[in-house]
Amino acid sequence: MDDLYRELIIDRYKNPQFRGQLDPADITFEDDNPYCGDHIRVDVRLDENNVVTEARYSGEGCSISQASADLLIEYIHGKTLDEVKALTKEDVLDLLGIQLGPVRLKCALLSLKVLKAGAYGLGEATDDLVE
Amino acid sequence: MDDLYRELIIDRYKNPQFRGQLDPADITFEDDNPYCGDHIRVDVRLDENNVVTEARYSGEGCSISQASADLLIEYIHGKTLDEVKALTKEDVLDLLGIQLGPVRLKCALLSLKVLKAGAYGLGEATDDLVE
Amino acid sequence: MLDVEKIRRDFPVLNREVRPGVPLVYLDSTATSQKPRQVLEAMDNFYRASNANIHRGIHTLAEEATASYESARRRIAAFINAAHAHEIIFTRNTTESINLVAYSWGRANLQAGDVIVLTEMEHHSNLVPWQILAAERDLRLEFIPVTEEGLLDLEAYHRLLDLRPKLVAFTQMSNVLGTINPAAEIIAAAHQVGAVTLVDGAQSVPHIPVDVQALGADFLAFSGHKMLGPSGIGVLYGRTELLEAMPPFLGGGDMIKRVELRSFTTNALPYKFEAGTPAIAEAIGLGAAVDYLSAVGMQAIEQYEREMIAYVLERLEEIPGVRVFGPAAEHKGAVASFTMPEAHAHDISQVLDELGVAVRAGHHCAMPLHTKFGIPATARASFYLYNTRQEVDRLVEGIYRVKHIFG
Amino acid sequence: MLDVEKIRRDFPVLNREVRPGVPLVYLDSTATSQKPRQVLEAMDNFYRASNANIHRGIHTLAEEATASYESARRRIAAFINAAHAHEIIFTRNTTESINLVAYSWGRANLQAGDVIVLTEMEHHSNLVPWQILAAERDLRLEFIPVTEEGLLDLEAYHRLLDLRPKLVAFTQMSNVLGTINPAAEIIAAAHQVGAVTLVDGAQSVPHIPVDVQALGADFLAFSGHKMLGPSGIGVLYGRTELLEAMPPFLGGGDMIKRVELRSFTTNALPYKFEAGTPAIAEAIGLGAAVDYLSAVGMQAIEQYEREMIAYVLERLEEIPGVRVFGPAAEHKGAVASFTMPEAHAHDISQVLDELGVAVRAGHHCAMPLHTKFGIPATARASFYLYNTRQEVDRLVEGIYRVKHIFG
Ligand SMILES: Cc1ncc(COP(=O)(O)O)c(C=O)c1O
Ligand SMILES: Cc1ncc(COP(=O)(O)O)c(C=O)c1O
């Protein structure tokens, strides 16, 4: 149990470091997990070379969805837009450092899905983005 | 096997005694078994006391449906209309003298269903008539 | 009284350890129930001895399969006291049953401006089919409000009846609040203004005695998998008169009497609404499930669950911060949906799972109700005839563990 | 080569004696196939160990159930070489799959005067849904004729394409004649005039290798119960593009993303079309069935059945009066529908049953085809990977017995 609820996750959930919204932002996107109502919004600012200078997330949900958003948003600072587009499910799982079943996986990947949908400028966030 | 294909049935199937149509008739009704396409028509003449004076069946189908029609039509001669309306599944099975599963039962009872729908003057022959 | 220990021995899954040394405490029967071996064996025996397609076969296996399938229909009819076996239409689940009514009865009977009355506590299955129809036909949907306590506001309902709705469709038992609604009263009032009624029995039929004739219900929908039966089978009960007047829904084999290239005539009830090869083994499984429930006794089950929920509420209320939704024990079935200030429902469920306690977390397919209560998700513990007080205690321990981790 | 004796040992029902001393000879696989223990065990194990509702549960059983259900979908996608698992929609059967297309794609895309091309050899399941839609929308149904030999008249088809049909829907294998239609060719021609294509794969998917991408099929419908899987589960394959553009069919749980009281947004594929609790155990059973078929090899099965039907036709043709419908062995699957001048199909089936030989009798849900051939009913013997030549011999003996009794 404490395996899953690793201190890192509980800590990030209770004391998020990248919660917030940016206005203006170059990328803003939000979506929810239809199965549980978890909601994530991301705001990203890029410099003239398309490098992430500033990013924040907001929303509500379980510790996994919120902590993975917090970790992911931290991780993308300094990355290029192309690097953000190329992020995968494995990157998020590496950040979390835990194993997840199919349902919780959707919680963990919600922020990535939202982020990539925003990065690609899509109208809708689809599961393909994180498979 | 020869149990089911009792000589009586095979005999009546090959040498029907009440096949035909009556014109005019007091009661004429026809219908088919949707599961196999067996078809039966009955024609009945009544006297002024509503007693069956003459009856015939026509149609096509398997030995069970045709032989039971032949036996049933024989049986109703001399019966009153009320007696015909009161006929049951058991009467037909007694005439046939065999056990039948649910699917073949529908073959055996087709003529009774048609006969009773006609006797009651219904627009449609329904399964309730023979249950 | 129920002999719970004896009952538990019939449910193989209850021997399961979720992880070595951690036995399963299954508190998610509202989502789907577990199955007794009697049901599994009925299906397995069918496949091993009599499997065949039904209705059109003359060979022994087909005769046996047809007889078993139709016998299941008769026993299910008796279980809800339907007047006729042909009033039992086999579907996949409650959802399909309700959609069948929306597509067939709805499209034949409702026109622009007509009013449908639903409630704020409906499962999506009794909302979305009507939303689709409403959009297509320009109908008006109205909702009986849910009070803060979790009951239907019946005064508001009576005002809604002034709109002369054509249909009143409501759940007999809420899958979130556990509320048992006064179905007979709701139906009688609907009938007085000439409305047809549809009862969502997904939760009631498994847990309390349901008598469609006593209720006066026009339609009743329920699912096999929530009442000890297999997945893949559900029932639509409909009154003969209504079913007979309805156009067919799905077209195909078995629902026809005669087919020509460009036309067909429909078969008699219930076949008119059962197109194609039905869920044969599953109907037989559901037949075995109602036999099991009847042998235990629906009244005994209701009584047992009443005592169980009283104990559950008593135990949960003693935990600081835990908020249980829905009415007091006397108005509800054995369902406890709750939130904790420390942790999201998902996290509650996850921590409990680590202790072997299976509860569900989310909106339980009742988003509007959650929206109304201003919460995105609840954790839900639900109970059935095989659950024990010790399992309630395990739940409570788990909740303290959540407080410890997230507190 | 198939090891038929080994295969037979996997099918418990094949040990059945229909009556003491009379072993079952099951020649009715076209109606429904028998099930290997691998399929029964997959379902039974699921119920005994992991039964839970899917998608929304976080507890261990729910995670396991979700994983098994989605794994079955992926293996079924691979079995027909679908490009994506989300192109596999679980339904009850072929019939529901076709109705789904008729209700959703059909109502969104077809208007008065539009032409649908079907064939004269369709099963009612691929006729009636289009008849219902045609009546509602004033569409025109046209039919590819069947030749005396039992093949589709492809010249006539090409003339029908001049009508610019919006849809061409046809069976890949006839359940009466056994005819295997040139599906790739029919589809390519349809696409040239811009028609969408639906393949009824109820008979083809169980018996021959089917590759939806090689065929170019837009939709493919099939049933689990005819391909070693359980009852209660079927598949609609659809190309992503088409499925995405289609409105939902059944409304309810799981097919939604968000629900408010008066509106909803739909979920992603495939869930958009899977409302309510699906046939979970049955999908898992079908997954085990495709594993079984793949392990044996669809090419090996096709080859085995080709040899079988050649032998069947050879044996039946030697019996005076027996008339077998459909084309020569090289154009057909292992299905032999026949009539005898002495006896009605029902009587043939009944006499055969007394000898343990299970064949079907009737119109096999293809009344228009029977009407065309001027017969109300045929007896149909059909074969699968577990049938043997000795069983063919038993059939032939039985037919002689019919001649003896009715001759
Ligand atoms: C060619 C064909 N299409 C459709 C069907 C209907 O299949 P189901 O009854 O499983 O829906 C069948 C089965 O009899 C068939 O053989
Ligand atoms: C009240 C209620 N209605 C409808 C349903 C839908 O049942 P199914 O998913 O079996 O169609 C459920 C099950 O979750 C329910 O609890």
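Residue numbers begin at 1 in each chain, while the letters A, B, ... track the order of the sequences. Keep in mind that the numbers below use all heavy atoms, side chains included, and drop hydrogens, waters and symmetry copies. Bear in mind the structure is a predicted one, so any value in this text is a computation, not a measurement.
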Output side-chain donor-acceptor pairs under 3.5 Å for residues 248-259 of chain C, partner residues at least two apart or in another chain, one line each.
residue: C:D254; atom: OD1; partner: C:R56; partner atom: NE; Å: 3.4
residue: C:R258; atom: NE; partner: B:D32; partner atom: OD2; Å: 3.0
residue: C:R258; atom: NH2; partner: B:D32; partner atom: OD2; Å: 2.6

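The nearest pair of heavy atoms linking C:P278 to D:R92 is CA-CD, 4.4 Å. Across C:N93 and D:T277, no two heavy atoms sit closer than the pair ND2-O, 2.7 Å.
Proximity to chain C involves both the backbone and the side chain of D:E120, based on heavy atoms less than 4.5 angstrom apart. Only the side chain of D:L24 comes within less than 4.5 Å of a heavy atom in chain C; its backbone stays farther off. Interface residue D:N51: backbone and side-chain heavy atoms are both found under 4.5 Å from chain C. Looking at D:V359, only its backbone comes within 4.5 Å of chain C, counting heavy atoms on both sides. For chain C, no part of D:E136 is nearby; none of its heavy atoms comes within less than 4.5 Å. Looking at D:H225, the atoms closer than 4.5 Å to chain C (heavy atoms on both sides) all sit in the side chain, from C-beta outward. Contact annotation for D:E260: only backbone heavy atoms (N, CA, C, O) come within less than 4.5 Å of a heavy atom of chain C. Heavy atoms of D:A134 lying under 4.5 Å from chain C are absent altogether. Of the atoms belonging to D:S29, not a single heavy atom falls under 4.5 Å from chain C. The part of C:I54 that comes within reach of chain D is its backbone (N, CA, C, O), which places non-hydrogen atoms under 4.5 angstrom from that chain. Heavy atoms closer than 4.5 Å to chain C are found nowhere in D:I116, neither backbone nor side chain. Heavy atoms closer than 4.5 Å to chain C are found in the side chain of D:R16, but not in its backbone.
Ranked by heavy-atom pairs under 4.5 Å with chain D, the first of C:A102, C:A361, C:P230, C:S223 is C:P230. If you tally non-hydrogen atom pairs under 4.5 Å between each of C:A283, C:G234, C:G276 and chain D, the highest count goes to C:G276. Per-residue counts of heavy-atom pairs under 4.5 Å with chain D were compared for C:D28, C:T94, C:L100, C:T371; the largest is that of C:D28. Taking D:V18, D:T91, D:I233, D:L61 one by one and counting their heavy-atom pairs under 4.5 Å with chain C, the maximum is reached by D:L61. Comparing C:L40, C:V357, C:I280 by heavy-atom pairs within less than 4.5 Å of chain D, the highest count is held by C:L40. The greatest number of non-hydrogen atom pairs below 4.5 Å with chain C, out of D:A358, D:A135, D:G356, is found for D:A358. The candidate from D:L141, D:I132, D:L261, D:V13 with the greatest count of non-hydrogen atom pairs under 4.5 Å with chain C is D:L261. Among D:P247, D:A52, D:S231, D:G362, the residue with the largest count of heavy-atom pairs under 4.5 Å with chain C is D:S231. Taking chain D as the reference chain and counting heavy-atom pairs below 4.5 Å, the highest number among C:A202, C:A275, C:S50 is found for C:A275. The greatest number of non-hydrogen atom pairs below 4.5 Å with chain C, out of D:K372, D:R37, D:E64, is found for D:E64. For the set D:S33, D:A281, D:A49, the count of heavy-atom pairs under 4.5 angstrom toward chain C peaks at D:A49.
Side-chain contact between D:Y26 and C:H59 is present, with at least one heavy-atom pair separated by less than 4.5 Å. Side-chain atoms of D:R48 and C:K35, non-hydrogen and from C-beta on, never get closer than 4.5 Å to each other. The shortest side-chain heavy-atom distance between C:Q34 and D:Y47 does not fall under the 4.5 Å cut-off.
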Residues C:T60, D:D353; criterion side chain to side chain donor-acceptor pair (under 3.5 Å); working and verdict: CA-CA 7 Å; C:T60 304; D:D353 181 59; 2.7 Å; yes
side-chain contact (heavy atoms from CB on, under 4.5 Å) between D:E96 and C:E96, intermediate numbers included: CA-CA 11 Å; D:E96 191 192 10; C:E96 191 191 10; 4.2 Å; yes
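The existence of a salt bridge linking D:E142 and C:R262 is confirmed by a sub-4.0 Å separation between a basic side-chain nitrogen and an acidic carboxylate oxygen.
Of all residues spanning residues 123-130 of chain D, those with a heavy atom less than 4.5 Å away from chain C's heavy atoms are D:H123, D:H124, D:S125, D:L127, D:V128, D:P129, arranged by number.
No side-chain donor-acceptor contact under 3.5 Å links C:N53 to the backbone of D:T32. C:R360 contributes no side-chain N or O that, together with a main-chain N or O of D:I58, makes up a donor-acceptor pair within less than 3.5 Å.
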